[in-house]
2 protein chains.
Amino acid sequence: MTRKDIHNSDVPELCRACEARHRGVCGALSADELLELSRHTKRVEVAAGTVVISEEEPIESYANVLSGVIKLSKVMEDGRQQIVGLKFAPDLLGRPFREVSGVTAEAATSSKLCMFSKAALERSVKNSHDMTNQLHQQALRELDDAREWMLTLGRKTAYEKVASFLRLIAVASDPEREDGHNEATFQLPLTRSEMADFLGLTIETVSRQMTALRKSGVIEMETTQTVRVPDLARLHLASGF
Amino acid sequence: MTRKDIHNSDVPELCRACEARHRGVCGALSADELLELSRHTKRVEVAAGTVVISEEEPIESYANVLSGVIKLSKVMEDGRQQIVGLKFAPDLLGRPFREVSGVTAEAATSSKLCMFSKAALERSVKNSHDMTNQLHQQALRELDDAREWMLTLGRKTAYEKVASFLRLIAVASDPEREDGHNEATFQLPLTRSEMADFLGLTIETVSRQMTALRKSGVIEMETTQTVRVPDLARLHLASGF
DNA sequence: CGACCGTTTGACGCAACTCAACTTCGGTGG
DNA sequence: CCACCGAAGTTGAGTTGCGTCAAACGGTCG
């Protein structure tokens with residue numbers, strides 16, 4: 001028993017400081033299982049613009065997002081594009097139980113990933129009921145997000161859409177915000193063009209709404225990518241509530 | 001062993017003709033488990049317009065859709081509404097692992113449901129790894145659908161949106177269509193107003209695009225709810241491909 | 001410095017919305 | 001049976017929010 005305890009505390013070097021072990025899917029694994037998975041693991045750093053998974057190609061690996069932002073998108077044959085999700089640490093990339101993911105995953109900012117083979121993850125799933133559960137939970141969270149965004153895409157004005165996006169980023173960039181703290185500053189992980197693809201708008205309209213939000217005092221901008229929100233409640237209102 | 005075999009073939013009366021046992025979540029259960037679940041089960045028939053689950057109220061039960069169409073929707077405070085999903089037999093209604101569903105489920109047509117308590121389902125999940133898996137699979141399918149629809153909402157024209165909707169219904173109304181069979185006739189489960197809420201449009205625009213599709217020969221209409229598609233490939237094209 | 005890329009701003013056009021009239025249909029009661 | 005009603009759908013005329021096209025404005029890099 002003592003030996004087992006020691007063994008259990010022997011978390012793989014690679015995983016020791018990893019956020020995915022606390023808030024992500026790897027939290028479901030015991031030290032032994034973690035060790036096994038980590039043997040098939042490769043840490044990579046990708047530059048903005050790198051395609052991690054492409055829409056119609058077979059998936060051969062999964063990846064945990066360790067830092068940065070990954071955008072999931074779909075394109076039509078004529079080039080029209082829609083971003084259908086954003087992944088932050090410690091989300092998992094990949095579509096379980098399917099050969100093709102149906103979406104393209106591309107780094108929006110430079111990002112760190114922890115990649116492992118499809119087979120390795122599937123082995124973990126088989127051995128750990130908790131792991132299965134974690135994956136299920138993540139799928140449900142993504143579904144909630146997708147539906148929330150459908151409301152935004154279908155029914156909100158351009159102004160509300162941009163405000164909704166800023167709110168999304170404000171929340172994601174500081175998940176542990178205390179409630180009283182009513183202010184936020186952050187870097188936008190997306191260009192205007194990517195924001196447009198997320199919101200179902202054009203670059204120009206996004207830009208105009210950003211100016212409108214600035215002029216009405218809801219946001220302040222240092223550079224084109226740095227946003228300060230002096231009053232999150234006002235932003236909330238601007239986003240349609 | 002023989003006794004067990006006999007026992008296993010003893011599928012509860014209620015479940016015998018149920019589609020959910022073949023293509024739905026109940027397929028994951030053994031006869032014993034099915035029997036246990038069926039003890040906490042209530043078959044109900046609801047009229048069009050009945051609210052099955054409401055957005056911000058605690059969930060106390062789940063339900064399998066046996067027939068009919070259930071719409072899932074979200075509303076904004078000012079009344080703007082977006083349908084975020086449609087459920088057909090043998091889908092499962094309910095959001096596992098959460099107190100509130102976040103969406104309202106309402107019968108679009110008169111529907112038959114097989115309802116069971118949250119507790120009963122959760123017991124099944126605990127006992128059956130397959131059941132967990134089924135739920136996970138359904139969540140992933142719903143996620144794929146939601147993302148497909150985000151592309152429609154964000155990037156397609158009104159004409160393409162309506163065509164996409166008709167295609168969705170055509171496929172759902174006859175899941176076992178053979179490939180060569182290039183024609184379809186079906187009843188629309190939604191009113192124009194509901195279609196508008198699904199597509200992020202107004203009633204008038206939906207109506208105009210329906211006439212446009214009719215005039216261009218992509219569809220024919222017997223009544224306002226009966227649609228015939230003489231050539232599914234043309235409808236496919238009209239929906240943006 | 002000049003070339004380039006991402007962004008902003010302006011002028012204009014059009015797809016979808018709004019408002020309103022009319023038609024169709026199913027139901028209800030005289 | 002028909003007259004009447006309300007709800008759902010269609011159609012038209014006018015408006016507008018967002019898209020398109022075009023020009024100008026920074027940053028960054030060779």
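Defined by atom type and a distance below 3.5 Å, a donor-acceptor pair is present between the side-chain atoms of Tyr159(A) and Ser216(A). When only modelled atom types and interatomic distance are considered, Lys118(A) and Ser61(A) share no side-chain donor-acceptor pair under 3.5 Å. Side-chain atoms of Gln134(B) and Gln138(B) form no donor-acceptor pair, as typed in the model, at a separation below 3.5 Å.
Although no hydrogens or angles enter the test, the distance criterion places a donor-acceptor pair under 3.5 Å between the side chain of Gln82(A) and the main chain of Phe198(A).
Distances were taken from every side-chain heavy atom of Thr191(A) (C-beta onward) to each of dT7(C), dT8(C), dT10(D); the shortest belongs to dT7(C). For Thr157(B), taking side-chain heavy atoms from C-beta onward, the closest of the listed nucleotides dA16(C), dT9(C), dT10(D) is dA16(C).
Distance NZ (Lys156(B)) to P (dA16(C)): 14 Å, rounded to an integer number of Å. Regarding Met195(A), its CE atom lies at a distance of 12 Å from the C1' atom of dT7(C), rounded to whole Å. We find that CD of Glu160(B) is positioned 12 Å from C1' of dA15(C), with the value rounded to whole Å. Separating the CG atom of Leu188(B) from the P atom of dA8(D) is a distance of 15 Å, rounded to the nearest angstrom. Summarising the geometry, the separation between CG on Leu190(B) and C1' on dA8(D) is reported as 14 Å, rounded to the nearest angstrom. Rounding to whole angstrom units, CG of residue Leu201(A) and P of dA16(C) are separated by 14 Å. As rounded to whole Å, 13 Å separates atom P of dA8(D) from atom CG of Asp197(B). Atom CE in Met210(A) sits about 15 Å away from atom C1' in dT9(C), given to the nearest Å.
Residue Thr224(B) places no side-chain N or O under 4.0 Å from the OP1 or OP2 atom of dA8(D). Side-chain N/O atoms of Arg208(B) include none lying less than 4.0 angstrom from OP1 or OP2 on dT11(D). Contact annotation: Thr202(B) side-chain N/O to dT18(C) OP1/OP2 distance is not under 4.0 Å. Regarding contacts with the backbone of dG19(D), a side-chain N or O of Thr205(A) is found under 4.0 angstrom from either OP1 or OP2.
With hydrogens and angles ignored, no donor-acceptor pair closer than 3.5 Å exists between the side chain of Glu204(A) and the base of dC18(D).
The side-chain hydrogen bond (donor to acceptor under 3.5 Å, both in side chains) check on Glu148(A) picks up Lys74(B), with sequence neighbours excluded.
Annotation: of the two residues near DNA chain D, Gln225(B) and Arg155(B), the 5′-most nearest-nucleotide partner is Gln225(B).
If you check every strand for non-hydrogen atoms under 4.0 Å, Thr223(A) touches nothing.
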